[in-house]
Amino acid sequence: MDNKNVKEENGNESKSLNFIQQIIEEDLKNNVNDGRVHTRFPPEPNGYLHIGHAKSICLNFSLAQQYQGKCNLRFDDTNPVKEDTEYVDSIMEDIKWLGFSWEGDPHFTSDYFEQLYDWAVKLIKDGKAYVDDQSAAVIADQKGTPTVPGTESPFRNRSIEENLDLFTRMRAGEFKDGEKVLRAKIDMASPNMHMRDPLMYRIMHASHHRTGDAWCIYPMYDYAHGESDYIEGITHSICTLEFEVHRPLYEWFVTNLTETDYKPKQREFARLNLSYTVMSKRKLLELVKDHHVNGWDDPRMPTVSGLRRRGFTPASIRHFADTIGVAKRNNVIDYSLLEHCVREDLNKTATRVMGVLNPVKLIINNYPENQEEMLNIDNNPEDENAGSREIPFSRELYIERDDFMEDAPRKFFRMTPGREVRLKAAYIVMCEKAVKDEDGNITEIHCTYDPKSKSGSGSEESKRKVKGTLHWVSVKHAAKAEVRIYDRLFNHEAPDAQKDVDFKEFLNPDSLNILTECYVEPSLKDAKAEESFQFTRLGYFSVDKDTTSEKLIFNRTVSLKDSWSKKKN
RNA sequence: UGUCCCGUGGUGUAAUGGUAACACACCUGGUUUUGGUCCAGGCAUUUAAGGUUCGAGUCCUUACGGGACAACCA
C-alpha cells in the first residue's frame, strides 16, 4: 500500500519487476561481473522473425536500456544447411523496424569458429573431449533414455595424442560426413541427458553462407552458444524454457574453458504462445513452402514482416510485449490482446476516412441532379491537431449494403423505410423505399434529405438526435479499391498444442477474403504504402506495399469492436 | 515411473509473511454526428491436504495437475 502511494506520488508508473529484472538487480547489488548488464538477441538465420521473437527482442533490448547496458545482435549460424543471408537481412530489418538498435556491428557465431576450435583442442588436451568413430545410431543407442543410464563409447578413452591427431584430420577434411564426431567427456550416467557426453563437433561438407568452404566441421549449439556469450562479454544470456535442461552443460563448458571471474549466466523464460496461431519456424516455413500463404510477409502470418504489412505498428507490438509480461509458466495469450494493443495505438493516430466495402446505391430524390458540394470532416476526433479535410457530396452515394434492412428490428439503428439516419458529416435523410430486380435483390435505395440538417451548420435541425450515423461515398467522386480482409489462419484455438495431429488440418480456408467492388473517398488515391486509416465503423486498414499493380489495395489490420454484431448472435 | 521447471479469475501478469492488484475478454449503464473512442460499475477467498506462524498466494511436507529432456537442429 505504502509502496503504491509512493509510486503514485512520484508519478512513476514503474511496474513491479519481473523475475529477470529481479535477478539482474540482485547481480547488480552483488557486483557480479563488475556490475555490467550485457544481453544479446541470438537468432539462427533460418527463417523470418515472428511475434514470439519480438517478445525476446523487446525483453533483451529493454533490459539493456533500463540498466544502462548493451545488447548485441548475434546470428547463431552453426548449421550451414539451414541458413541463408536472406534471413540475416530480414532479421536485421525487422529489429530496426521494431525500434531497437544493437550494440556495434552484428555478430556471428561463425566469426568465432577459429577460437571455438582452439578451445576444443584445449579440452582434448585436458582429457575432457574425445573423438568418437561410431555412427549416429549407435551413439544414440548408447545414450540410454531419461530413465535408463547410458553406456560408454569404446572410443571414450583414446589417448590425448590420438584424439588430437584425429580432430586435426577431421578439420582437414580427411573424413566423410558422419564418420567421426568430437564429444565432451562428462558422464554417461548423468540423470540429465544433455550431460551424457554431448557432441561438440560434427563433420559437414557443406558451404556456409559466410565462411564458404573454409570449414567442414561445425560446432553444435550447446558448445558454441555459451562460449560465444563469453567472447562477447554477455552477462545475462536469456533464452526460452526448453533450454533449461541445457543449463548445466552451458555452465560446464564455460567453467572448463575459462579461468576469469567473469561468467555469462543463462536464464530462461516462457516463450510466447498466441491463440489460433502457430509459432514454430518449422511450421511457418511449411506454410510458406506449401503455398498456404503468400510468403513470409503474408498479412496472416504472425511474422514481424507479416504484421507490418497488415498494418501493425512497432509501438503496438512493443506495448503488447510489455503487457504480456515475462514468467516461467507456459502460457497462451489470447489473440484479442494483440488486437487491443494495435487498436489502442491506431485509435490515437489513424486518420478517419470513409469507405464502402459492400456498396449499394443510395439516391437522394430531393437533391438536385447536377448539384455537388464539399463537406468538412475531422481527420481525427481523438487528435485536435489532426485538422480536417473536404469530401465531395452529391445526389448519388454508395452506402454499405448491411446498413439497410427492409424489416428491421427495433434495435436496428441504421437505414430502414420510414426512419431517419444521419449521413456522417452530411445530412439527415429519411428512407423511402428500396428498388429491387426480378430476383428480389436490392439495386438501389431512395431517400429524401433535410437541407437544414447539414452537419456543423448550427441549425436546430442539425442538432436533432437520430439513432444511427452511416458512412458513405459519392458515386461520382469515389475511388475504386481492393480490400483484403484477413481472418485467423487456424480454426483451432491452440493448433500448436495438438501434437498428434497435423497442424495443417486446422487451417482456416476462409482466412483471406478479397473484396474488389469497394469504394473509398477520393483523398485516398494519394495514400502511401503502409499508411494506416480508420474506416468509419469498419475497422483499421493500411495501404498494401504491393505497388506492382495500379490498384489501390487496403489490408484490414483489425476490425473495430462491434457490439451490434454481438447482440445479434 | 529418472532429472529439472511450473501451478493465482475465461486469458495473461502482479502482490518483498500483513486488506489478492492491473490488463485483456465478458456483462450492466452513461456520453457520443463512428453500434468506435471515452466514462462509471460488475466478475477469483490463489490445485488439494497437512504443518510453521498472531497472521500464509508467499515458508515446509505430501499428493494431484501441466511442461521440458533420449537431433551429427537451434
Side-chain angles (χ1 to χ4, degrees), chain A residues 1 3-4 15-18 22 42-44 46 76-79 81-83 132 135-136 139-141 143-150 177-178 180-183 190-196 199 201-204 218 220-222 224-225 239 241-248 268 270 275 281-282 323-341 343-344 347-348 352 354 377-378 381-382 411-414 421-426 428 453 455-456 462-471 534-540 559-567:
Chain A
M1 220 38 180
N3 278 345
K4 225 178 265 173
K15 294 196 288 186
S16 51
L17 302 179
N18 65 47
Q22 285 175 27
E44 182 187 14
N46 67 343
D76 215 345
D77 54 350
T78 56
N79 187 0
V81 301
K82 286 189 177 177
E83 297 152 8
D132 198 330
S135 70
I139 290 175
D141 197 45
K143 210 147 204 172
T145 71
T147 53
V148 178
D177 287 6
K180 289 188 171 26
V181 290
L182 184 73
R183 292 227 259 170
S190 169
N192 183 337
M193 297 291 291
H194 296 281
M195 300 299 272
R196 323 242 261 228
L199 267 61
Y201 274 92
R202 76 284 215 192
I203 299 171
M204 278 175 124
Y218 291 93
M220 303 289 291
Y221 165 87
D222 281 311
H225 201 90
C239 60
L241 240 34
E242 60 266 31
F243 293 102
E244 205 158 25
V245 279
H246 295 238
R247 191 149 108 196
E268 310 82 13
S275 61
K281 272 201 253 183
R282 195 209 90 221
T323 306
I324 59 178
V326 180
K328 292 190 74 165
R329 64 189 94 104
N330 299 318
N331 60 76
V332 181
I333 308 285
D334 202 300
Y335 199 87
S336 63
L337 181 59
L338 181 58
E339 293 184 331
H340 163 80
C341 289
R343 281 194 196 104
E344 189 180 48
N347 179 48
K348 287 180 289 194
R352 269 60 170 172
M354 292 203 281
I377 185 169
D378 282 344
E382 303 288 319
K411 290 284 237 174
F412 186 76
F413 299 154
R414 309 179 211 172
V421 293
R422 174 172 287 283
L423 296 172
K424 188 175 170 67
I428 293 174
S453 66
S455 283
S462 74
K463 290 173 188 163
R464 194 155 20 112
K465 301 278 181 201
V466 289
K467 271 290 190 184
T469 303
L470 304 188
H471 56 279
Q534 187 197 86
F535 282 18
T536 301
R537 295 184 50 232
L538 294 176
Y540 295 98
S559 64
L560 252 30
K561 282 217 220 171
D562 182 4
S563 56
W564 164 246
S565 70
K566 260 182 240 157
K567 274 179 190 160

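Naming: A, B, ... by sequence-line order, numbering from 1 per chain.
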To the nearest Å, how far apart are A/Trp564 CH2 and B/U32 P? 21 Å
Checking only heavy atoms, does the side chain of [X] share a donor-acceptor pair with the base of [N] at less than 3.5 Å?
X        : N     : answer
A/Ser455 : B/U33 : yes
A/Glu382 : B/G36 : yes
A/Arg343 : B/G36 : no
A/Gln22  : B/U16 : no
A/Arg537 : B/U34 : no

Which part of the nucleic acid does [X] contact within heavy-atom distance under 4.0 Å: base, sugar-phosphate only, or nothing?
X        : result
A/Glu268 : nothing
A/Pro248 : nothing
A/Gly456 : base
A/Ile333 : sugar-phosphate
A/Thr536 : base
A/Phe243 : base
A/Ala425 : base

My understanding is that only one of A/Ser455, A/Ser462, A/Ser453 makes a side-chain hydrogen bond (donor to acceptor under 3.5 Å, both in side chains) with A/Arg422; could you say which? A/Ser455
Determine the interatomic distance between C1' on B/G7 and the same-named atom on B/G12; round to the nearest Å. 14 Å
Please give the distance between the P atoms of B/A49 and B/G36 as a whole number of Å. 44 Å
To the side chain of A/Lys465, which of B/A14, B/U33, B/C5 is closest? B/U33
Base partner of B/G10, which must satisfy Watson-Crick or wobble distances under 3.5 Å: B/C24
Can you find a side-chain donor-acceptor pair between A/Asn192 and A/Ser190 that sits under 3.5 Å? no
Should A/Glu44 and A/Lys281 count as an ion pair when the cut-off is N to O under 4.0 Å? no
